[in-house]
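A short write-up of the structure that comes next.
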Amino acid sequence: MTIKRNKLIKELIYKCKYLGIKECSLVLHNFSINEIQNLTNEEIKTFHQLLDFDDITLWDFIISSDKKILKDNKMKKLIKKIQNFNKSI
């Protein structure tokens, strides 16, 4: 499991660095480098699913304080973590 987890983490960090919207890449790449090791396996899966959204939708999730647009509670919690992390930098 550790090898698969580490491989997935590396893939997610790489993917975050090369998103279509530069601001989105900066926010998610910083989060992934600094926080992804602290996420549970379930949160890592959710993060992977989050990155499947198109760039504009993903950016809207990150900058929005209105979480009603998301129906998935796991994703809401993860986005809140991302937002809180970026407030702290």
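Along the sequence shown, residues are numbered consecutively beginning with 1.
The two residues S32 and I36 have their closest heavy-atom pair at O-CG2, 2.9 Å. In this structure, R5 and I44 approach most closely via the heavy-atom pair NH1-CD1, 3.1 Å.
Interatomic distance, CG of L50 versus CD1 of I79, reported as 5.0 Å (0.5 Å rounding). In this structure, NZ in K81 is found 5.5 Å from CG in L39, a value given to the nearest 0.5 Å. We find the CG-NZ distance between N84 and K87 to be 5.5 Å, quoted to the nearest 0.5 Å. To the nearest 0.5 Å, atoms CE (M75) and CD1 (I82) are separated by 9.5 Å. To the nearest 0.5 Å, atoms CD1 (I3) and CG (L8) are separated by 13.5 Å. The CG atom of N41 sits 11.5 Å away from the NZ atom of K4 when rounded to the nearest 0.5 Å.
With sequence neighbours excluded, the residues that form a ring pair (Phe, Tyr, Trp, His ring centres under 6.0 Å) with F47 are F31. Residues that satisfy the side chain to side chain donor-acceptor pair (under 3.5 Å) test with N73, not counting sequence neighbours, are absent from this structure. Taking the side chain to side chain donor-acceptor pair (under 3.5 Å) definition, one finds that D55 meets it with nothing, sequence neighbours left out. By the side chain to side chain donor-acceptor pair (under 3.5 Å) test, K74 pairs with E42, sequence neighbours left out. Taking Q49 as the reference, nothing meets the side chain to side chain donor-acceptor pair (under 3.5 Å) condition, with sequence neighbours excluded.
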List the atom pairs, with distances to 0.1 Å, where a side-chain N or O of residues 9-23 and a protein N or O form a donor-acceptor pair under 3.5 Å, not counting sequence neighbours.
none

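Using a 4.5 Å cut-off on side-chain heavy atoms (C-beta onward), L28 and L51 make contact.
Each of L26 and I33 belongs to its own hydrophobic cluster when Ile, Leu, Val, Met, Phe, Trp and Tyr are linked at side-chain heavy-atom distances under 4.5 angstrom.
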